[in-house]
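Nothing fancy with the numbering, it's 1 onward along the sequence. The analysis underlying the following values was restricted to heavy atoms, covering all of them including side chains, and did not include hydrogens, waters or symmetry mates.
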Amino acid sequence: MSTKGSNGQAKNLGRSPSESQRGDASAVPRMDGPAGIRNVALVGRSGAGKTMLVEALLAATGVIARMGSIPEGTTLSDSDPAEVHQQRSVALAVVPLSLDGIKVNLIDTPGYTDFVGELRAGLRAADGALFVVSASDPIDAATTALWAECERAGMPRAVVISRLDHPRADYDAALAACRGAFGESVLPLHLPVRSDGAVTGLLGLLAGTVSDYRSAGRAADRRAERPAVRPAEPAELAAAESARGALIEGIIAESEDETLMDRYLGGEDLALETVVEDLETAVARGSFFPVLATSAETGVGIDELLEVLGSSFPSPLERPLPAVTDLDGVPARKLICDPAGPLAGEVVRTSIDPFLGRVCLVRVFSGTLRQDSAVHVAGHGLSARGHQDHDADERLTHLHSPLGSALRPTPQCVAGDICAITKVGSAETGDTVSAKELPLLLLPWDMPEPLMPVAVKAASRNDEDALAKSLGKITAGDPTLRVERNAETHQLILWCMGQAHADVVLDRLREQGVKLETVGVITPLRETFAAPASGHGRYVKQSGGHGQYAICDIDVEPMERGAGFEFIDKIVGGVVPGPFITSVEKGVRAQMQKGVSAGFPVVDIRVRLVGGKAHSVDSSDAAFQAAGALALREAAAATRIQLLEPVSAVTITVPDEFVGAVMSDLSSRRGRLTGTTSADGEGTEISAEVPDDELLRYVVELRALTAGTGRFRRSYLRHEPLPPNVTPPVLNV
C-alpha cells in the first residue's frame, strides 16, 4: 500500500522486529501529513490488560522510563482521580509513540459497559483497533459485545492475547475461544515457545524464526535488551506447519491476485513480501484479524506488536471520513484526509482542568489546525440530552500534543492527527471544529442512551449554585449524562449509564467541592377520581374596604384513560357571571396541577360548574379561582382518589440463552410480555410493558442477569392504576 511505503517504512510484519524500533522515541515527531500517522484504539473488557499493555509499549519505545502501576495510580492513561479510585479506566486517553518515523496515537478505551460512550468516541478517533483478550479469562458475553461494537464501526482489528505470564494463562484455549467467538478470519501470526512451562519466546509463522525473550529483561525497564532471534528448529517448524499453512491460506484468500491460491496449493513457495503485502491489505480492509501474543510484565511479544502497529495498521488516508453538512444540515462536499483541505475536526473528549479550564481532545479529519487561528465551534443534534445547539467563533491560543493527562505545546495538527485544545469556552464533546469562514458539522457518532436515574440534592442552599455550575462542566464532556429537573417531582435527576457511571459523576462533583446527597427517585404519578363526587367552594373574606366573595358548586366525574380534562358550564340564571366562569375553570386547572391527594397532577376528569353566587362589589377573578380550587379539593375529599403510574414500552435485546431468565424477571416486575422477535444475529428482542418504577435500576439488574450483554430501550406508553399493594410515594408540597 502506497501510504505505508511513502515513509520508507520496512514491511516486516510477521518477521523479526527491526533494531530501529528501539530508538529514542521520547520525543514523538510532529507529522506533516497523514501517511505517517496511525490512530489505534485499544479495546477489550475491563481487566483484559489494555492499560498495562500501553505502558509496556511506551516503555519499549522510550516514551517512559519505567512502566507505571494501576494500584499506585501511576499509569499514563489512567490518571483521572476516578480511575485511580475505581482501579479501572473510565475515560479514553491518548498516548503517542514513535516507530521509525511513524507516529502511533494509542487510544486507551474503557472496557466496562457503563463507559461505552467513551469507547465509541475512541473508535471515532481511531483508524484501527487492538482487541485485547486475556489469556487467563474466557471469552465472555461482554467481550463479544465489544467485538460487535467494533464491527458496527467497521473497524480494522488485530487481536492481542495478553497476560501470557499469568499462572492460569492458556494461549491455545484463548486462541480457540477467539476463533469460536469472532470467526475463522482470526488467525495467529506467532506461536508461543515455552521453557520450563513458561512462555519465553514466539515463533513467527511467516518468517520461521524464534524471538527468545529470556535475555531481553523485564518490560518494565526502559530500553530492555531486544530478544535474541534464531532460526526455528526443524521440530518447531514441523509442529507449526499446520498453523502456518492455515495462516497463509487465510491471507491469500483475501488477496486481489486470484492466482495466488492456485499457485500455493500447487506447491509454489510464495515470496514472503507478497504474503505480507496481502496481509497488510486484508487487515486494513477489516476482513482479516491477525492474532498476537503478549505479556506486558515479561515483555514477550511487545516487539512483534510494535511491528504490527507500524507496518500493518491503516493510516488515516485509508479510512472513510464522517459525513459532513453545513450549519443548516445541507450535505457539503465529501471530505478527504488532506492537510490542505477545509478544516474539519471533532471533539472526542472534554475534561476540566482546574487551571486550564476545558481541555478538548480533537481528531482532525481534514485540513490543519493551527495555533493562534480563528475557528468555528458548533454542536447540533443533542438537545434531547440537554445539550442545546450552539455555535461560537473562538480563537485557538493554545494547541497541544497530549500524552495522557500531560500536554506538550505544538504549533499545528494536520489531518489524521489528534491534538488537545485548551481555553475554548464553548467546546463540548461531539462538537465540530471548523474554519470560521467555512463552518461545518460532522455527522455525530451514535451516543448511547442513559437509562438509570439518580436523584441528587445540594446539602444546603449555598451549594445549589456550585452544583449547577459543576454539572454544566461535567455534561459538557459527557454526552452520556443527561441532567433533568423534573417539573412534577421537583427532583434533580442525573440520568446515567449505570452504577459505575453514577459513581464517577458523583465523585467528580464532590472533587469540585460540591456538597450533595443522593435521595430516592420519585416516579411521577398521576391522580384521578375513582367515582363521581361534588364539591362546594366558598371563598368569602371581609377585611374592610373591598372584600373577596366567590361561591361555586361543581360535579366531578372520571373519564377514560388519556381523555384529559373537560370543563362544562351548566350555570342557569346567571348566578355566576360569564367572566367568572372562566375564573372557576382556571382555579380548577391550577388545583389539578398541584394535585388533590399525594401532590401529583390530576388527569382524566370532567368538571361541571352547576351553581354558585357572586357579589356585585366583592367578587373578582382571583376570588373565583380560589373558590374553584377549593371546590375541587372538597370533591376529592368526598370520594376515593386513584393513583396512576407511568408504564413504558420496553424492548430488550439479549442473547438467546438469557431469554427465559429475562422473561421470568419481567414477570416479577409486573411486566406484561407483548412479543418476541429475532434481533438480526444479536439474539432476541423481547417486547414488554413495564411500570416505570420497576425500571429505576433495570439497566444494572439486566446486565447482572445477562452477564453484561443485555440492553434495552424504552418509551412512555400510558398511565395505569397503581395496584393497591404498591406503596405510593408522596410529594412534599
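Separation of the Phe289 and Phe182 ring centroids does not fall under the 6.0 Å cut-off.
Using a 4.0 Å cut-off between a side-chain N of Lys or Arg and a carboxylate O of Asp or Glu, Glu449 and Arg713 do not qualify as a salt bridge. Ion pairing of Asp417 with Arg363 is absent here, as no side-chain N (NZ or NE/NH1/NH2) approaches a carboxylate O to less than 4.0 Å. Salt-bridge formation is not detected for the pair Lys50/Glu55: no Lys NZ or Arg NE/NH1/NH2 atom is positioned less than 4.0 Å from an Asp or Glu carboxylate oxygen.
Considering all non-hydrogen atoms of both residues, Met52 and Ala296 come closest at O-CB, 3.5 Å. Across every non-hydrogen atom of Cys178 and Val186, the tightest pair is CB-CG1, 4.2 Å. The shortest non-hydrogen separation linking Pro448 to Thr480 is CG-CG2, 3.7 Å. Heavy atoms only, all atoms of each residue included: Asp114 and Gln499 are closest at OD2-N, 3.2 Å.
Judged purely by distance below 3.5 Å, without hydrogens or angles, the side chains of Ser89 and Thr51 pair a donor atom with an acceptor atom. For the residue pair Asp140 and Thr143, a side-chain donor N or O sits within less than 3.5 Å of a side-chain acceptor on the partner. At a cut-off of 3.5 Å, with distance as the only test, a side-chain donor of Ser211 or Glu304 sits close to an acceptor on the other residue. Checked by atom type, the side-chain pair His501/Asp478 shows a donor-acceptor distance below 3.5 Å. At a cut-off of 3.5 Å, with distance as the only test, a side-chain donor of Ser134 or Ser136 sits close to an acceptor on the other residue.
The line from OG of Ser668 to CE of Met663 is 14.0 Å long, rounded to the nearest 0.5 Å.
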